[in-house]
Amino acid sequence: MSFATNVLSRGLATTAWRMAALNHITVIGGGSMGSGIAQVSAQAGYKVTMVDQNDEILNKSCAIINKSLQRVVKKKFADDPSKGEAYISDIMSKISTTTDSSKAVSNTDLVIEAIIENMGIKKKLFSELDKVAKESTIFASNTSSLSISEMAKVTKRPEKFGGLHFFNPVPMMKLVEVVRTSNTNDNTFDTLFDYCKKLGKVPVNCKDTPGFIVNRLLVPYMMEAVRMVERGDASPKDIDTGMKLGAGYPMGPIELADYVGLDVCKFILDGWHEEFPDHPLFVPSPLLNKFVDEGKLGRKTGEGFYKY
Ligand SMILES: C[C@H](O)CC(=O)SCCNC(=O)CCNC(=O)[C@H](O)C(C)(C)COP(=O)(O)OP(=O)(O)OC[C@H]1O[C@@H](n2cnc3c(N)ncnc32)[C@H](O)[C@@H]1OP(=O)(O)O
Ligand SMILES: NC(=O)c1ccc[n+]([C@@H]2O[C@H](COP(=O)([O-])OP(=O)(O)OC[C@H]3O[C@@H](n4cnc5c(N)ncnc54)[C@H](O)[C@@H]3O)[C@@H](O)[C@H]2O)c1
């Protein structure tokens with residue numbers, strides 16, 4: 001063996017040793033994010049189980065995935081559309097659904113949690129899953145804003161716990177923030193990083209700080225736009241046009257808040273306000289609260305700042 005081959009094969013062996021094999025993935029929560037994560041995982045060849053609270057929601061999740069795959073095949077098989085349906089049924093056959101999270105995680109390699117942005121509810125879920133999952137199973141949260149270490153504390157596997165923060169819409173957005181706590185071990189971090197690359201995403205390394213990289217910048221920006229509307233400084237449409245045409249963003253901040261979900265924006269802001277009550281950027285917004293109270297959560301409910 002030449003020196004170069006020897007070094008290369010030793011390097012690969014070391015990297016492989018630092019990663020766990022992932023065959024089966026469980027996604028808990030089949031909403032905007034969970035359905036996207038299940039979809040891209042199945043597209044990368046993983047077997048996936050998607051869990052949600054009832055079958056009606058799960059049927060909706062599958063319909064969202066199917067609709068997204070229709071858009072994918074339009075491009076992927078532009079030259080031969082007849083191959084599209086076979087591709088969609090192959091991907092859908094890799095995704096199973098259940099309402100029983102304990103059963104779903106009993107023989108899985110990676111759990112990705114994408115449920116409501118509430119620390120108490122996430123902790124309760126992880127503490128239950130910890131009792132039934134294999135010792136080797138890695139746990140990850142897709143939280144937008146909450147502490148990964150805090151969630152990991154309720155389990156006996158803090159070294160096998162990290163953050164996987166995907167972006168909406170998952171099939172289109174290239175970035176995943178991979179969050180490492182002070183307890184996450186190398187094997188877990190490398191496995192999560194490699195999983196993102198296998199999905200065709202670009203992972204970045206993040207510390208467990210509020211909002212990681214993107215949301216620490218993006219959420220105050222979206223909220224300042226909401227406060228401009230609140231103050232009567234400008235209309236939602238003019239703000240969005242301004243940021244699209246004047247700053248080159250694909251969506252304006254108000255459209256984006258509607259797209260993310262006004263409930264999700266409120267959960268993030270309220271959580272940070274509770275933790276940092278004196279921080280001026282995290283003060284609750286009466287206008288945002290009003291929309292959420294009225295059930296106008298943005299695109300997903302058909303109305304938010306805009307009607308869809
Ligand atoms: C808060 C959280 O914690 C963190 C977050 O997620 S913050 C939110 C981050 N996301 C963003 O900032 C999104 C910003 N918006 C965008 O990038 C773009 O508007 C967008 C990609 C969503 C849509 O693109 P846009 O050009 O406006 O609309 P549209 O023409 O419908 O779509 C563009 C392409 O994407 C495809 N596409 C859009 N959504 C899709 C989906 N869900 N699945 C598959 N394909 C999709 C379309 O088929 C279309 O393909 P084509 O160009 O080949 O026709
Ligand atoms: N919406 C975004 O743009 C975005 C982007 C990145 C990260 N996130 C984060 O991802 C997570 C999910 O957000 P979303 O926008 O997909 O929310 P969503 O409201 O669209 O979906 C959440 C799903 O979780 C289900 N759920 C709630 N509690 C559950 C439980 N105990 N067991 C199983 N299922 C349960 C709900 O029925 C719902 O279908 C949140 O932590 C959010 O902060 C959201």
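Computed from heavy atoms alone, side chains included, the values below leave out hydrogens, waters and symmetry copies. Both counts, for ligands and for their atoms, begin at 1 and track the order of listing. As the structure is a prediction and not an experimental result, all values here were calculated from the model.
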Quiz item: Which ligand 1 atoms are under 4.0 Å away from a heavy-atom of Leu218?
Solution: 7 (S)

Exercise. Please examine the side chains of Ser127 and Lys123, heavy atoms only from C-beta on, and report whether any two atoms are closer than 4.5 Å.
Key: no

Quiz item: Which residue holds the protein heavy atom closest to atom 38 (C) of ligand 1, what is that atom called, and what is the gap in Å?
Solution: Arg71 NH2, 3.3 Å

Self-check item: Protein contact for atom 26 (O) of ligand 1 (heavy atom, distance under 4.0 Å)
Solution: no

Quiz item: What residue and atom, counting heavy atoms only, is the protein's closest point to atom 5 (C) of ligand 1, and at what distance?
Solution: Phe167 CD2, 3.5 Å

Exercise. Determine, counting only non-hydrogen atoms of the protein, whether one lies under 4.0 angstrom from atom 42 (N) of ligand 1.
Key: yes

Distances under 3.5 Å, N/O of ligand 2 against N/O of the protein: list each pair and its distance.
residue  : atom   : partner : partner atom : Å
ligand 2 : 1 (N)  : Val260  : O            : 2.9
ligand 2 : 3 (O)  : Asn168  : ND2          : 3.2
ligand 2 : 8 (N)  : Ser144  : OG           : 3.1
ligand 2 : 10 (O) : Asn142  : ND2          : 3.0
ligand 2 : 16 (O) : Ser32   : N            : 3.3
ligand 2 : 16 (O) : Met33   : N            : 2.9
ligand 2 : 20 (O) : Ser32   : N            : 3.0
ligand 2 : 20 (O) : Ser32   : OG           : 3.2
ligand 2 : 37 (O) : Asp52   : OD1          : 2.6
ligand 2 : 37 (O) : Gln53   : NE2          : 2.9
ligand 2 : 39 (O) : Asp52   : OD2          : 2.6
ligand 2 : 41 (O) : Ile115  : O            : 3.2
ligand 2 : 41 (O) : Glu117  : OE1          : 2.5
ligand 2 : 41 (O) : Lys122  : NZ           : 2.8
ligand 2 : 43 (O) : Glu117  : OE1          : 3.0
ligand 2 : 43 (O) : Ser144  : OG           : 2.6

Quiz item: Considering distance alone, does some N or O of Ser68 sit under 3.5 Å from an N or O of ligand 1?
Solution: yes

Quiz item: Under 4.0 Å from atom 33 (C) of ligand 1, do we find at least one protein heavy atom?
Solution: no

Self-check item: Protein non-hydrogen atom below 4.0 angstrom of atom 19 (O) of ligand 1 present
Solution: yes

Quiz item: atom 45 (N) of ligand 1: which of Met251, Met172, Lys244, His165 has the nearest heavy atom?
Solution: Met172

Exercise. Could you check which of Val214, Asn215, Asn142 puts a non-hydrogen atom nearest to atom 2 (C) of ligand 1?
Key: Asn215

Quiz item: Taking atom types as modelled, is there a side-chain donor on Ser149 or Asp208 under 3.5 Å from an acceptor on the other?
Solution: yes

Exercise. Would you mind checking which non-hydrogen protein atom is closest to atom 52 (O) of ligand 1, with the distance to 0.1 Å?
Key: Lys75 NZ, 4.6 Å

Quiz item: Closest non-hydrogen protein atom to atom 12 (O) of ligand 1, residue and atom name please, with distance?
Solution: Leu256 CD1, 3.5 Å

Quiz item: Phe161 vs Phe139 aromatic rings, parallel, tilted or perpendicular, using cut-offs 30° and 60°?
Solution: perpendicular

Quiz item: How close does the nearest protein non-hydrogen atom get to atom 6 (O) of ligand 1, and which residue and atom is it?
Solution: Asn168 N, 2.9 Å

